[in-house]
Amino acid sequence: MQKRKSDEVMLTCNLTEDQLPFDLDLTLSCGQAFRWEQSSAGWTGQVNGAVVTIRQEGRSLIYNGMDEETLIRYFNLDIHVQNLLEMIRKSITRYSGKQEDSFFETAARRGAGLRIIRQDPWECLISFICSQNSNIPTISRRISLICRQYGKKLDDNRYGFPNPADLAVADEGGIRTCCTGYRAPYLIRTAQAITSDPKLLARIDNLQDEDARKELMKLSGVGPKVADCVLLFAYNRYQVVPVDVWVRTIITGRYPQVQERKGNRKDCSYNDIAEFCRDYFGRYAGYAQQYFFASRLSLPLDDKLNLKNI
DNA sequence: ATCCAGGTACCCA
DNA sequence: TGGGTACATGGA
């Protein structure tokens, strides 16, 4: 009988003090990756093309399907989050003169243990092209359908993420059956661009933020938001701030200083908000943004969906 | 039923 | 450059 992944011996990684806090559930469910599935046994997903399972018991990560080096690299466990938070706090104080930003602290407390992971750029790119104007459950479903139709079959009910060449030759009708709607041609054109320039995503890793962003935005279906998500979640440019409707609402609602940037324009632009966040939160502004996004539903906002004060 | 969602492309002044 | 609009789909 063929040995199943779930029967394989499990490995354990005990987190050190410097690697805490770490919250696996929050990290995998906070809207940065869309293909991890949770069950009673823990999370199942794919890292570097291999099926992996992982669960957390206190300070221990119990996993299989990858080695410890891969685990640490994928979850960025060598990032010292406590120091990172201190850097954000210092930046806030430097900018505002205030000792504490209680709104940020609320988000950081609720998002404690969240970690920005290191995704594969190609998968991240396609995923966030799929993400536009959708909610997270829909995005996950869409990507799952794409893998089922165009990815390599790995086991009974599991498929790999399709390669650029697989999507480049897909027809629009086929992609549309994956609930992609008007995004279908974007996906095909971007897959074709990567297929014809296979080193593009590797080159981007060597570019400065602004140049990297410009290169990404040349791709079909990639605007500022998608480009920034890829820069943050795949290339781990922690100073990059993706601005969606939630982040916009949170920043404009809670940080009136941002309004000064818009000049005589009607509203703050995307870059007004992103640049304010970089100035205010500093070089880990992307992390701050992700704390806000992860705790968006419970943050004290009164101008959005009737959310009440705490 | 209506509104909204990890937006972008396209068009116009 | 900034502002408007169409675009597919599913969840609330």
Side-chain angles (χ1 to χ4, degrees), chain A residues 26-36 107 111 114 116-117 119 121 123-146 149 172-191 193 213-238 240-252 259 261-275 277 285-297 299 301 303-307:
Chain A
L26 189 55
T27 295
L28 293 181
S29 64
C30 71
Q32 55 178 325
F34 303 98
R35 230 151 57 91
W36 286 91
L114 182 164
I116 290 173
I117 62 178
Q119 293 188 57
E123 176 172 342
C124 190
L125 173 63
I126 292 301
S127 298
F128 279 95
I129 291 175
C130 287
S131 80
Q132 59 184 68
N133 216 23
S134 298
N135 53 42
I136 291 172
T138 302
I139 299 162
S140 303
R141 178 160 175 275
R142 189 172 286 149
I143 294 169
S144 171
L145 288 169
I146 289 173
Q149 187 158 337
E172 185 178 328
I175 298 277
R176 276 182 184 263
T177 64
C178 304
C179 300
T180 52
Y182 63 88
R183 303 162 194 81
Y186 303 160
L187 293 167
I188 294 171
R189 289 202 288 263
T190 289
R213 192 173 193 240
K214 277 182 201 158
E215 285 302 313
L216 286 168
M217 287 178 63
K218 288 178 186 168
L219 298 166
S220 179
V222 180
K225 165 65 167 54
V226 171
D228 286 347
C229 285
V230 175
L231 288 173
L232 181 59
F233 300 133
Y235 295 99
N236 288 170
R237 310 285 180 106
Y238 298 130
V240 169
V241 179
V243 179
D244 60 35
V245 295
W246 284 101
V247 173
R248 170 177 291 275
T249 301
I250 288 165
I251 297 301
T252 57
Q259 303 290 343
R261 296 177 182 248
K262 72 182 200 280
N264 51 10
R265 274 178 286 111
K266 196 170 172 217
D267 293 303
C268 285
S269 70
Y270 183 104
N271 285 331
D272 290 337
I273 294 173
E275 283 166 17
C277 288
Y287 247 95
Q289 171 276 150
Q290 197 60 11
Y291 285 128
F292 285 128
F293 183 79
S295 50
R296 64 195 179 284
L297 297 175
L299 284 176
L301 297 168
D303 55 344
K304 182 84 178 175
L305 300 181
N306 298 319
L307 293 179

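What's counted below: heavy atoms across the whole structure, side chains too, no hydrogens, waters or symmetry copies.
- Shown here for A:Ser269 and A:Arg248, the closest heavy-atom pair between the two residues is C-NH2, 3.7 Å.
- As rounded to whole Å, 10 Å separates atom P of C:dG10 from atom CZ of A:Arg183.
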Distances for protein N/O vs nucleotides 9-11 of chain B N/O pairs under 3.5 angstrom?
{"unit_1": "B:dA9", "atom_1": "OP1", "unit_2": "A:Gly221", "atom_2": "N", "d": "2.9"}

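- At a threshold of 4.0 angstrom between heavy atoms, the contacts of A:Cys179 are confined to the sugar-phosphate backbone, with no base atom among them.
- A:Val226 comes within 4.0 angstrom of the backbone, heavy atoms only, and of no base.
- Here the closest non-hydrogen pair linking A:Gly221 and A:Ile129 is O-CG1, 3.9 Å.
- Between A:Arg265 and A:Asp272 a salt bridge is recorded (basic side-chain N to carboxylate O distance below 4.0 Å).
- Listed by residue number, A:Arg265, A:Lys266 are the residues of residues 261-270 of chain A with a heavy-atom contact under 4.0 Å to DNA chain C.
- When the P atom of C:dA8 is taken as reference, atom CG of A:Asn135 falls 18 Å away, rounded to whole Å.
- The base of C:dA8 sits within donor-acceptor range of the side chain of A:Asn133, with an N or O pair under 3.5 Å.
- Between C:dT9 and A:Arg142, no contact under 4.0 Å exists linking OP1 or OP2 to a side-chain N or O.
- At the heavy-atom level, A:Ser131 lies under 4.0 Å from the strands shown only through sugar-phosphate atoms.
- Positionally, the nearest nucleotide of DNA chain C for A:Tyr182 lies more toward the 5' end than for the other of A:Arg141 and A:Tyr182.
- A salt bridge links A:Asp228 to A:Arg213: at least one charged side-chain nitrogen sits closer than 4.0 Å to a carboxylate oxygen.
- One atom, CZ of A:Arg296, and another, P of B:dA5, lie 10 Å apart when rounded to the nearest Å.
- What you find for A:Cys130 and A:Arg142 is that their closest heavy atoms are O-NH1, 2.6 Å.
- The nearest whole Å value for the distance from the CD atom in A:Gln132 to the C1' atom in B:dG6 is 11 Å.
- Atom CD1 of A:Ile175 is separated from atom C1' of C:dC7 by 17 Å (rounded to the nearest Å).
- Ring-base stacking between A:Phe293 and B:dG6 is satisfied, the centre separation being under 5.5 Å and the plane angle under 30°.
- Here the closest heavy-atom approach between residue A:Arg183 and residue A:Asn133 is recorded as NH2-O, 3.6 Å.
- Proximity of the aromatic rings of A:Phe34 and A:Phe128 is defined here by a centroid distance below 6.0 angstrom, and this criterion is met.
- As rounded to the nearest Å, C:dA8 and B:dC4 have C1' atoms that lie 14 Å from one another.
- Rounded to whole angstrom, the span from the CD1 atom of A:Ile273 across to the C1' atom of B:dG7 amounts to 14 Å.
- For the pair A:Gln149 and A:Cys178, the tightest heavy-atom approach, listed with the atom from each and the gap, is OE1-SG, 3.5 Å.
- Nucleotide B:dC4 holds its P atom 11 Å from the CH2 atom of A:Trp246, rounded to whole Å.
- At a threshold of 4.0 angstrom between heavy atoms, the contacts of A:Ile136 are confined to the sugar-phosphate backbone, with no base atom among them.
- The listed nucleotides are C:dG11, C:dA8, B:dG7; the one nearest the side chain of A:Lys225 is B:dG7.
- Remark: the A:Ser127 side chain and the A:Arg35 side chain contain no N/O donor-acceptor pair separated by less than 3.5 Å.
- Using P as the reference atom, C:dT5 and B:dC3 are 15 Å apart when rounded to the nearest Å.
- Going from atom CG of A:Leu216 over to atom P of B:dG7 covers 17 Å, rounded to whole Å.
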| said: Determine whether A:Phe233 and A:Ile117 satisfy the following criterion, side chain to side chain contact (heavy atoms under 4.5 Å, CB included), listing intermediate values before the conclusion. | reply: CA-CA 6 Å; A:Phe233 300 133; A:Ile117 62 178; 6.0 Å; no

